[in-house]
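The structure appears right after this line, and notes come after that.
Owing to the predicted nature of the structure, the values given are computational and were not obtained by experimental measurement. In what follows, every chain begins at residue 1, and chains take the letters A, B, ... in the order their sequences are listed.
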Amino acid sequence: MAMKTIVTLSAHNIFFKFRGNFTNNSFSKTHFPNFHSYSSSSSNDNGHTQSKFQKVANLNDALNLFDQMSQTRPLPSIVKFTQLLQSLTKMKHFSHSIDLFKKMCALGVPVDNYTMNIIIKCCCHLYRTNEAFAALGFCFRRCIVPDVFIYSALLDGLILEDRILEAEIFFKKLIKQKLCEPNVVMYSTMIKGLCKVGNNVIAIQLLSLMDVNGCKPNVVTYSTIIDSLCKDKMIDDAFKLFKEMVFQKGISADVITYNCLIDGLCNLGRWDEAPKMLQEMLDVGISPDVKTFSILVDAFCKEGMIEEAENVIDIMIKKGVVPDIVTYNSLIDGYCLRGEMSKAKTIFDSMVFRGLVPNVVSYSTLLNGYCKSLKIDEAMGLFNEITRKGLKHDVVTYNTMIQGLFQVGRCGDARKLFDEMHGKGQIPDQLTYGIILEGLCNNRQIEEALSLFHLMDEAMGLFNEITRKGLKHDVVTYNTMIQGLFQVGRCGDARKLFDEMHGKGQIPDQLTYGIILEGLCNNRQIEEALSLFHLMGDSKLNMGIVVYNILIDAASKCGKFDIAKGLFRDLTNKGMHPNIRTYNVMISGLCREGLLGDAKRLFLKMEESGFRPDNVTYRVLLQGYLKNNQCDDVEMLLQEMDGRGYSLDATTLSLLLDQIAGGSLNNTLLDLMSKLVPKELMNSPNFSPN
DNA sequence: GTAGGGTTAG
């Protein structure tokens, strides 16, 4: 029933064109005129075809070969044609593959299961799964009995289009009607689909069902679920399954399994365990690949631990694994995150010497770095370089550049780029609108922002009609707009929009709640924020550490440090754990109150609790000491910062210079300080230490 | 001559 529905859904598709007589259509007519020019050498051509086939390396070769083959008589075998389609498909020229298939049909080449499997795969990868199902009809009409390869490809197509429910129905139908015996690949594909929608429980149930049905799962089946569990931060369950696979089922893990687990550990910040897994791999004789190392490099970079990342790169090179673009892109991003733009640029430039050509991702990463550190001229230069290098701007590079322009107040230029996007065929996405709204709001162009916000409704209405995939206001755009209104002090309007969300079916999330609390706090309505907080009681919304961080910060900033302290105690009582931000906010509060001893104790305690103080922690504590004219620990803190590869910001640096000028600090510290100041800061026009 | 699992940018 379900399959029938799917097949009949696709009334307009390529396969209906082939009903009836295949040789008597326009394709064959356009092809045969060339026939005579080749026919005299057809016996040579066969040999030539054979040898040339090995060398099909690009689209043109393949198309030329097809022309030759189709003009050879007798026609080469279906195997030769299918191999050609296969090589095109491997090069991801899916639509060309389909084109050639049509021509083959027109020529009367007797296609078989192998051919159909490839064509179905092509349709699916073009997100045209309905046409793939039409191809199934084509099989039936031509008496090609679909096999487990074909059915698996179709199942994969549905999953690729996120049509998981249909995939499940299709899968069950295949079994119930005994249309084919599912094998380990088909089960694994179905499991992948279930995992894709976060249905790990059912995926695991299907895994045990396989055994019952006499189909042994393999490393792919297990790794699919292990990866999904890792992505859902259920790493302990992932390890449980991993152990079941290795020790109970005797299935060896491979490099992909380990990569999934290492990635999972990194995403949970369990740094100490990730390298242990790397060691374990080596111990059991599995060679880590570029991806293994890239995962580690990326994870370290995201945490600002560049030294560790560089270390990993050294190790991988020693092991004979060559870092690729992905590896270096992560490293570039790492330096960008630390604001060390000259280092980021050096890495970017060095890629060429390593035989790697920066791709659009490399550019957008560096571009983002320049934008975030407000070096807009460098950013603009890089943005223009992208097209000069023959690369194409995508939504990401536009979004990044637009955001950068807004950040330095160049709203007109941002707007111009936004208009340019359309002309260049880059359709703005949800994020583009978010960036523009935020940009307008931050630049106090609130009327513009509001009118754009309402305009989006119309624009998106149209968009929806055309694509059915379109845009609509989601929690993100609401959140952005609410935040914007708060930023210009329009708390009432923010509130109104918040109420409107519910009516439009957009459920406020923890972020919305955080924005509202923060908005109220910033607008000196901390009492309101606290009463909203108390009103929520033990609601899930109050169970986020972010909420506490906002309130603690706000309370201490407006002199209600006792409330801040109370909240800090309260969160542990509720079974929540402070994060690094909580510690930073508390330390900052203690310093503000002049309680430097307590600040220092908390600073030491956080490290004991497993929280490595970050750049912010050091800067906050230093500022506390300096503002209170207590300089005893300053040198030690600076030494530690140096050891950890941290850097000073403009505010802290000028406080330090003030103390040196006033004689409270020795000017021998200048050496150490200069090591801690990013070059960018030294050259920055915004920084003028008086 | 056919199919399945993992990494990267806003």
Side-chain angles (χ1 to χ4, degrees), chain A residues 53 77-87 89-90 112-121 124 146-157 159-160 182-193 195-196 217-228 230-231 253-264 266-267 288-299 301-302 323-334 336-337 358-369 371-372 394-404 429-432 434-435:
Chain A
F53 179 72
S77 76
I78 178 62
V79 175
K80 290 278 168 287
F81 275 107
T82 306
Q83 282 173 332
L84 182 55
L85 292 190
Q86 169 75 351
S87 57
T89 308
K90 283 241 161 82
D112 63 6
N113 278 33
Y114 291 83
T115 330
M116 292 315 294
N117 177 37
I118 291 166
I119 289 312
I120 285 173
K121 224 176 91 175
C124 291
D147 54 17
V148 66
F149 288 91
I150 286 180
Y151 285 126
S152 292
L154 287 166
L155 188 68
D156 200 33
I159 291 166
L160 214 62
N183 61 11
V184 60
V185 175
M186 189 176 256
Y187 274 111
S188 303
T189 307
M190 190 65 244
I191 284 173
K192 175 181 73 176
C195 289
K196 202 172 172 189
N218 61 16
V219 63
V220 176
T221 326
Y222 271 100
S223 300
T224 306
I225 306 180
I226 288 172
D227 180 51
S228 176
C230 287
K231 294 222 156 70
D254 63 12
V255 60
I256 295 183
T257 326
Y258 274 99
N259 288 353
C260 296
L261 287 167
I262 291 174
D263 190 48
C266 289
N267 285 332
D289 61 6
V290 195
K291 288 172 187 174
T292 320
F293 290 110
S294 290
I295 291 167
L296 287 167
V297 169
D298 187 59
C301 286
K302 285 215 161 66
D324 63 5
I325 298 194
V326 177
T327 324
Y328 287 112
N329 284 351
S330 291
L331 195 59
I332 293 171
D333 196 38
C336 287
L337 281 172
N359 61 11
V360 68
V361 179
S362 325
Y363 274 97
S364 68
T365 308
L366 194 60
L367 190 66
N368 181 44
C371 287
K372 287 279 141 69
D394 63 6
V395 184
V396 180
T397 59
Y398 275 111
N399 285 352
T400 311
M401 198 63 234
I402 289 173
Q403 192 168 36
D429 61 8
Q430 199 85 41
L431 197 68
T432 320
I435 286 169

Legend entry - Contact residues, residues 394-404 of chain A to DNA chain B [heavy atom, < 4.0 Å]: A/Asp394, A/Val395, A/Val396, A/Asn399, A/Thr400, A/Gln403
Legend entry - A/Lys192: salt bridge (charged side-chain N to carboxylate O under 4.0 Å, His left out) partners, not counting sequence neighbours: A/Asp156
Inset, instruction - For A/Thr221, report the nucleic acid contact type (base, sugar-phosphate, nothing); a contact means any heavy atom under 4.0 Å. - result: base
Inset, instruction - For A/Val79, check side-chain contact (heavy atoms from CB on, under 4.5 Å) against everything at least two apart and list the hits. - result: A/Ser77, A/Gln83
Inset, instruction - Select base, sugar-phosphate, or nothing to describe what A/Asp324 touches, counting heavy atoms under 4.0 Å on all strands. - result: nothing
Inset, instruction - With sequence neighbours excluded, tell me which residues meet ring pair (Phe, Tyr, Trp, His ring centres under 6.0 Å) with A/Tyr222. - result: none
Legend entry - Outermost nucleotides of DNA chain B that come under 4.0 Å of a non-hydrogen atom of chain A: B/dG1 to B/dG10
Legend entry - A/Met116 backbone acceptor or donor facing A/Asn113 side chain under 3.5 Å: no
Legend entry - Qualifying residues under salt bridge (charged side-chain N to carboxylate O under 4.0 Å, His left out), relative to A/Lys291, sequence neighbours excluded: none
Legend entry - Sugar-phosphate, base or nothing in reach of A/Val184, heavy atoms under 4.0 Å: base
Inset, instruction - Indicate, with a heavy-atom threshold strictly under 4.0 Å, whether A/Thr82 touches base, sugar-phosphate, or nothing. - result: base
Inset, instruction - For the pair A/Asn329 (side chain) and A/Ile332 (backbone), establish whether a donor and an acceptor sit closer than 3.5 Å, ignoring hydrogens and angles. - result: no
Legend entry - Sugar-phosphate, base or nothing in reach of A/Asn359, heavy atoms under 4.0 Å: nothing
Inset, instruction - Scan A/Lys231 against the nucleic acid and name what it touches under 4.0 Å (heavy atoms): base, sugar-phosphate only, or nothing. - result: sugar-phosphate
Inset, instruction - Quick one: list whatever passes side-chain contact (heavy atoms from CB on, under 4.5 Å) with A/Asn117, sequence neighbours left out. - result: A/Phe149, A/Ile150, A/Ala153
Inset, instruction - Could you check whether A/Thr224 gets within reach of a base, just the sugar-phosphate, or nothing at all, counting any heavy atom under 4.0 Å? - result: sugar-phosphate
Legend entry - Any residue meeting salt bridge (charged side-chain N to carboxylate O under 4.0 Å, His left out) with A/Lys302, in chain and number order, not counting sequence neighbours: A/Asp298
Inset, instruction - Apply ring pair (Phe, Tyr, Trp, His ring centres under 6.0 Å) to A/Phe293 and list each qualifying residue two or more places apart in sequence or on a separate chain. - result: none
Inset, instruction - Could you tell me whether A/Lys196 contacts a base, only the sugar-phosphate backbone, or nothing, with contacts defined as non-hydrogen atoms closer than 4.0 Å? - result: nothing
